[in-house]
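The structure under discussion appears below in the form of structure tokens.
Numbering of ligands and ligand atoms starts at 1, following listing order.
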Amino acid sequence: MPSEKRHFLSSSYINSLKANLRIYLRIVGLLRPHWGSSLGAVLCLGLSTGLSLIVPWLLAWVVDVGVREGSLTDLLVAAGAIFGTSALRGLFAYGQGYWSQAISNLVAYDLRNRLYAHLQTLDFAFHDESETGQLMSRMSIDIEAVRNFYPMGLFRALIAIITFAATSVILLILDWRLALVTLISVPILLALAAQVSRRLRPLWNKIQNEVGDLGTIMQESLSGVRVVKAFAREDFEIEKYETQNLKLRELNMSAMRLSAWNQPLMVLALNVITVIVIWVGGAAVVHRQLSLGTLVAVTQYIFLLGTPVRSFGFMVNWFLRGLSGGIRIFSVLDREPEITDAPNAKTLQNIAGHVSFEHVSFSYANGIEVLHDVTIDARPGQVIALLGTTGSGKSTLLHLLPRFYDVTKGRITLDGMDVRDVTLASLRRSIGLVLQDVFLFNATIRDNIAYGAAHATDEEVIAAAKIARLHDFICTLPDGYSTWVGERGVTLSGGQKQRVAIARTLLLNPRILVLDDSTSSVDMETEYLIQQALDAVMHGRTTFVVASRVRTIKHADQILVIEDGRIVEQGDHATLIKNGGSYARLYDLQLREQEEVEEQMLAISEQEMLLDGPEQPEERGREVLR
Ligand SMILES: Nc1ncnc2c1ncn2[C@@H]1O[C@H](COP(=O)(O)OP(=O)(O)OP(=O)(O)O)[C@@H](O)[C@H]1O
């Protein structure tokens with residue numbers, strides 16, 4: 001037992017109590033914008049509880065005055081008063097119920113919007129370490145836990161406190177000895193509640209985390225359903241889900257078992273007190289030290305105490321669930337985005353597109369440096385091709401330019417301005433990105449192309465689609481540009497998705513283009529067409545392109561060969577071939593053969609163009625986009 005005592009009084013226990021109290025205060029603080037309705041709910045709660053406390057007084061009066069003295073008029077008045085009080089009580093109870101539900105829904109609405117908006121502001125580093133399922137469960141289950149905390153936890157607790165406080169005072173006035181006997185229940189009930197919540201609290205924490213994990217498993221297996229099926233791993237996925245579900249069931253059962261014990265224990269404590277009161281009070285009535293009416297009133301008050309006591313376990317549950325939900329929600333809301341606008345950030349306007357990486361090094365959150373002392377000087381309009389083995393750091397390098405991550409050392413400048421000194425919105429508007437993983441929204445092709453330029457006209461959308469060599473394909477679809485592409489663009493092929501992504505970027509008409517392997521998943525013919533189109537749009541724009549294709553590489557102004565996060569060779573095609581280093585070897589191994597195939601394609605395409613006439617789609621498109 002001494003260890004228990006130490007535990008109760010230990011500074012870590014007190015600190016955790018303080019931390020929990022702060023969370024509760026923050027949850028209650030969420031009511032601030034709805035203070036009018038909250039005040040209404042609390043007033044109604046106070047009035048309905050107060051009125052319910054008047055009824056035993058009236059009963060005492062009925063017994064002592066009406067019944068004892070045989071006055072029918074008094075009995076009638078008392079009956080009327082009891083009826084009136086009960087009716088009013090019902091009215092206020094309705095008001096309390098209505099307002100408490102209303103404010104809890106309003107808070108849930110606010111929280112959902114706040115959390116969602118906040119998630120949008122958080123940077124790549126946060127999303128790298130977060131699981132979608134966990135975030136989804138914060139948006140749903142945790143917010144629900146906080147929502148229910150108000151009516152089921154907070155307001156019930158207020159009712160309990162008012163009932164206990166008022167009953168104590170009334171009992172003291174009626175008979176202090178019986179009051180003492182009754183109020184012994186308070187510390188017993190509090191001790192029971194503290195004991196149970198200490199054991200329930202970690203359980204609810206775990207349950208809410210496990211629900212998140214269950215969500216992650218579900219989300220992963222649904223979005224990766226093709227991989228699951230391709231590898232015939234359905235049974236494995238089912239088992240994984242069932243195991244997690246079982247874990248959750250066991251935890252829920254433990255929580256329920258604890259809660260189930262809680263309530264009868266409390267009711268038992270209250271029943272014992274009632275028996276003692278009737279025994280002590282009955283003796284006092286027999287000895288004419290107490291009126292029968294007072295004894296009736298006292299037993300009625302104990303009966304009134306029964307309601308909050310019976311819902312005590314339930315209330316404790318909602319307190320703990322609200323706490324766990326609050327902790328998980330605030331942990332996201334308190335996470336400050338690391339990549340934000342500097343206080344005096346300038347807006348980029350009419351930039352020329354001069355990009356410099358100056359001795360840039362970078363490590364992800366795990367601290368391992370993946371880029372070392374990278375220096376690049378891309379003059380406006382130049383095409384910079386990045387070449388390197390997988391994992392050498394090409395994508396990472398490109399992600400630093402729009403500040404998806406900030407450099408660890410060195411700096412990146414755009415027209416001489418450090419990218420950290422300009423607004424994120426204007427920086428990202430100046431850079432058109434086609435990333436490795438093309439993501440399309442469950443919307444029409446048109447809306448996907450116009451995603452970054454919501455006000456683009458149909459003509460502009462079509463022009464971009466033409467440049468991306470997508471227009472002809474779209475015209476073959478029954479719904480044309482209004483065709484829904486399904487979740488993540490599931491109804492389109494890899495190459496089509498990439499061309500939508502290219503069109504989407506072109507529509508922004510950015511000064512700087514970042515193309516990360518944008519042509520890797522298309523067939524040779526499509527790729528050739530896209531390359532042609534890209535050549536056209538790259539014109540006049542500073543372009544960084546992760547390229548494995550000879551045509552892009554050969555025409556690049558600078559080729560950067562990257563190995564293990566370092567630039568090991570830099571120069572144009574002719575220079576690098578002359579140097580006879582890594583690039584020359586790579587060219588001989590991979591690119592020369594490709595070049596021959598492309599030359600054949602070019603010859604075929606030129607012949608076709610002569611037959612089709614001189615007008616080229618990208619030329620038409622470029623006119624519109626200008
Ligand atoms: N979010 C991340 N957190 C931690 N490490 C990462 C992250 N993304 C990439 N890395 C690591 O950084 C290194 C460079 O990866 P990067 O994706 O930039 O390579 P890459 O050259 O683009 O490769 P690929 O050609 O295969 O796309 C790799 O070792 C990779 O494991």
Side-chain angles (χ1 to χ4, degrees), residues 119 122-135 216 220 223 227 335 337-339 355 357 359-376 378 383-410 412 419 431-439 494-495 497-498 501-502 505 512-522 527 531 534 543-553 556 558-570 576 581-583 585-587 589-591 594:
L119 284 174
L122 286 172
D123 34 55
F124 276 54
F126 169 82
H127 290 286
D128 282 350
E129 71 193 46
S130 310
E131 289 169 9
T132 312
Q134 287 286 359
L135 293 179
T216 299
E220 257 187 0
S223 52
V227 181
R335 172 83 180 240
E338 279 161 28
I339 296 181
V355 180
F357 283 64
H359 302 287
V360 166
S361 297
F362 176 73
S363 8
Y364 284 103
N366 58 17
I368 302 168
E369 198 172 270
V370 290
L371 288 179
H372 323 277
D373 196 23
V374 170
T375 295
I376 307 168
V383 175
I384 315 293
L386 306 179
L387 221 79
T389 49
T390 173
S392 55
K394 305 176 295 292
S395 303
T396 305
L397 198 144
L398 296 184
H399 289 172
L400 297 180
L401 184 55
R403 287 188 76 201
F404 288 165
Y405 302 90
D406 268 343
V407 299
T408 323
K409 277 190 224 144
I412 300 174
V419 286
I431 301 169
L433 283 149
V434 180
L435 296 177
Q436 248 174 16
D437 301 323
V438 173
F439 186 93
K497 274 195 276 195
Q498 265 175 339
I502 291 171
T505 303
I512 298 163
L513 271 180
V514 171
L515 310 169
D516 193 352
D517 250 357
S518 57
T519 55
S520 64
S521 67
V522 292
E527 181 189 302
Q531 280 297 337
L534 283 179
T543 304
F544 287 83
V545 53
V546 171
S548 48
R549 302 298 167 210
V550 70
R551 188 175 152 81
T552 317
I553 299 168
Q558 295 183 45
I559 300 163
L560 310 178
V561 184
I562 302 177
E563 270 171 29
D564 291 332
R566 281 192 180 77
I567 297 181
V568 291
E569 263 193 307
Q570 194 162 1
L576 294 183
S582 307
Y583 178 77
R585 276 195 301 279
L586 218 85
Y587 182 75
L589 270 173
Q590 292 177 13
L591 304 181
Q594 209 185 90

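- Those atoms of ligand 1 with a heavy atom of N366 less than 4.0 angstrom away are 4 (C).
- Closest heavy-atom approach to atom 7 (C) of ligand 1 within the set F362, Y364, F404: this belongs to Y364.
- For the ring pair (Phe, Tyr, Trp, His ring centres under 6.0 Å) with F404, the lone residue among Y364, F124, F126 that qualifies is F124.
- G388 does not count as a contact of ligand 1, since none of its heavy atoms falls under 4.0 Å from the ligand.
- When heavy-atom distances to ligand 1 are checked against a 4.0 Å cut-off, D128 comes that close only through its side chain, counted from C-beta outward.
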Problem - Pair I562-V568, side-chain contact (heavy atoms from CB on, under 4.5 Å): steps then yes or no - result: CA-CA 6 Å; I562 302 177; V568 291; over 6 Å; no
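- Residues satisfying the side chain to side chain donor-acceptor pair (under 3.5 Å) test with D128, not counting sequence neighbours, are Y405.
- Between atom 14 (C) of ligand 1 and the options S363, A365, G391, the minimum heavy-atom separation is to G391.
- Between I384 and F544 the shortest side-chain heavy-atom distance falls below 4.5 Å.
- For ligand 1, the atoms closer than 4.0 angstrom to any heavy atom of T396 are 14 (C), 15 (O), 16 (P), 18 (O).
- For ligand 1 and V370, the ligand atoms under 4.0 Å from any heavy atom of the residue are 12 (O), 13 (C).
- The shortest side-chain heavy-atom distance between S361 and V407 does not fall under the 4.5 Å cut-off.
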Practice task
Please step through side-chain contact (heavy atoms from CB on, under 4.5 Å) for the pair T375 and F357, ending with a clear verdict.
Solution key: CA-CA 5 Å; T375 295; F357 283 64; 5.7 Å; no
